[in-house]
*Asks:* 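Can you keep this structure in mind? I'll have questions shortly.
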Amino acid sequence: MGSSNMVKIFDTTLRDGEQAPGCGMTVEEKLRVAHQLEKLGVDIIEAGFPISSEGDFQSVKIIADTIRGCEIAGLCRANYNDIDRGWEAVKGAEAPRIHTFIATSDIHLKYKLKKSQDEVLEIISGAVKHARNYTENVEFSCEDATRTDLDYLCRAVELAVRAGANTINIPDTVGYTVPEEFAHIITTLLERVPGLDDLTLSVHCHNDLGLAVANSTAAVQAGARQVECTINGLGERAGNASLEEIVMGLKVRNDQNPYITRINTEQIYPTSRLVSQITGINVQPNKAIVGANAFAHEAGIHQDGVLKERITYEIMSPEEVGIPSNKIVLGKHSGRHAFRTRLEEYGYFLDDDAFMKAFVKFKDLADKKKYVFDEDIEALISEEFVRSSDFYKVISANYSGGSDMRPVATIKLLIDGEEVTVSEVGDGPVDAAYQAVSKATGLSPTLETYNVASITEGIDAQGEVTVRVEDEGAITQGQGANTDIVVASVKAYVNALNKLRWRKEHPKRATMKGL
Ligand code: KIV
Ligand code: ZN
């Protein structure tokens, strides 16, 4: 489809994004992200890798059965078992897609697959034909395409086209290519592979050299019409091409990139926040488009310029990407109506019960803080209503200590519906509290990182704690916010433990390595 100027956005936050260490999401969390992606207007959601675990299968299935308005893809290696299981998961979608792949580079063939080029060609043909028995909507990817011999890549793609794939994806799996080279690969494929021009040519770039967005954009200029990307650039290693950067690059520089997407750009920031809250992965402050400083003007000369005329230093407006202009929200005299309006502006539509619970929490917070900012409300809503807390919930966290006294913490948790109270002493209040939580839950992972930051400015600001824990190879992240940082620390730890337990109960059975 090289001639149309419409570029499809294929979001793989729930599949490739989730492969990033500590980014695992529960079924419920994935469904929330999928609803938001639908609102954002992505064309395709890659919901997971169904054969990899029971949890992934369930997530893909529930997303396929629920989400309408975009295609739902499931990733499958190029073998019949994967494809059968993948189809089971996606078949309930309005427009289901099977996405099957195999590596084509000599490096992968020799060291990983231990197969010859001819054997791989046969596998491609068989897998795509098998997928076509289920649906016409079949995507085929040549893993490590950018390190594949170009003549062989053309042969592999030609076979996939002949076997019936309607989308061909060219991944830069290890983030190795550079824009001119990648554009050349795309142009060559379009010139040499018969019929490819009538199908969708897609690209999928990783960010190991920081070039994922530049490479994807160069590929679009060369004729690719689908871009695979993730929210906040989440993904394996250095991540994938960031959706927000690609979309805004095409929009803001439409003079150079005369292409359009279906993305509702005002939903970019809410989607970025949701993904960050659910995964516990903070967005770096200087991240393009969605970072906290992306629209902050520190230098006096810049501030002066922006106040006189915004376009002096701003190439797009914060509102265009959904960053709310009004930062100060509410105080302790604000009523229900104002609170509900603010929540709805943020995209949180709570039923009456949930709303009343949130309102009580808001009043509680407003008693402790003079001003309640957007970020405070987000943290409050995210803990209560956005993330899953199926197993453990914090009821209370109290502690005492000081320079002359060993710290003691008493933690009350709801564990699988039952209240459990445990007290422990520790080296500090957070240590005591974490020991109590570990004793109560029976989970004692290694605490890999612990960070605390203030959510907003001011002495009464809430502290936001982010932790990363590891247990037998499983890594999860947790976040918690409170005006008391020990309480925030307990919430963050419990959030990470909830995900850890979910991980243990839904182990990965298959990986993308091999067949
Ligand atoms: O990076 C990659 O090669 C992939 C493919 C499976 C599309 O994620
Ligand atoms: Zn990838």
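The model shown is predicted, which means the values in this text are computed figures rather than measured ones. All values below come from the heavy atoms of this structure, side chains included, with hydrogens, waters and symmetry mates left out. One-based numbering, in listed order, for ligands and for the atoms of each.
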*Asks:* Any chance you could lay out the side chain to side chain contact (heavy atoms under 4.5 Å, CB included) test for Thr146 and Glu181, step after step, and finish with the verdict?
*Replies:* CA-CA 9 Å; Thr146 53; Glu181 178 188 49; 5.6 Å; no
*Asks:* Between Glu245 and Lys287, is there a salt bridge with N-O shorter than 4.0 Å?
*Replies:* yes
*Asks:* With the threshold set at 4.0 Å, does a side-chain nitrogen-carboxylate oxygen contact exist between Glu54 and Arg85?
*Replies:* yes
*Asks:* In plain terms, say whether Asp118 and Arg155 are close enough for a salt bridge, that is, a side-chain N and a carboxylate O under 4.0 Å apart.
*Replies:* yes
*Asks:* Could you check if a side-chain atom of Lys504 sits within less than 4.5 angstrom of a side-chain atom of Glu472, using non-hydrogen atoms only?
*Replies:* yes
*Asks:* Evaluate the side-chain proximity of Leu40 to Ile268: yes if any heavy-atom separation is below 4.5 Å, no if none is.
*Replies:* yes
*Asks:* Does any non-hydrogen side-chain atom of Ile281 lie less than 4.5 Å from one of Cys23?
*Replies:* yes
*Asks:* Which protein atoms of type N, O or S are found under 2.8 Å from the Zn ion (ligand 2)?
*Replies:* Asp16 OD2, His204 NE2, His206 NE2
*Asks:* Rounded to the nearest 0.5 Å, what separates atom CG in Leu153 from atom CG in Leu189?
*Replies:* 5.0 Å
*Asks:* N or O contacts of ligand 1 with protein under 3.5 Å, please list pair by pair.
*Replies:*
{"unit_1": "ligand 1", "atom_1": "1 (O)", "unit_2": "His204", "atom_2": "NE2", "d": "3.2"}
{"unit_1": "ligand 1", "atom_1": "1 (O)", "unit_2": "His206", "atom_2": "NE2", "d": "3.0"}
{"unit_1": "ligand 1", "atom_1": "3 (O)", "unit_2": "Thr173", "atom_2": "OG1", "d": "2.6"}
{"unit_1": "ligand 1", "atom_1": "8 (O)", "unit_2": "Arg15", "atom_2": "NH1", "d": "3.4"}
{"unit_1": "ligand 1", "atom_1": "8 (O)", "unit_2": "Arg15", "atom_2": "NH2", "d": "2.9"}
{"unit_1": "ligand 1", "atom_1": "8 (O)", "unit_2": "Asp16", "atom_2": "OD2", "d": "3.1"}
{"unit_1": "ligand 1", "atom_1": "8 (O)", "unit_2": "His204", "atom_2": "NE2", "d": "3.1"}

*Asks:* Does His35 reach the side chain of Thr66, with side-chain heavy atoms less than 4.5 Å apart?
*Replies:* yes
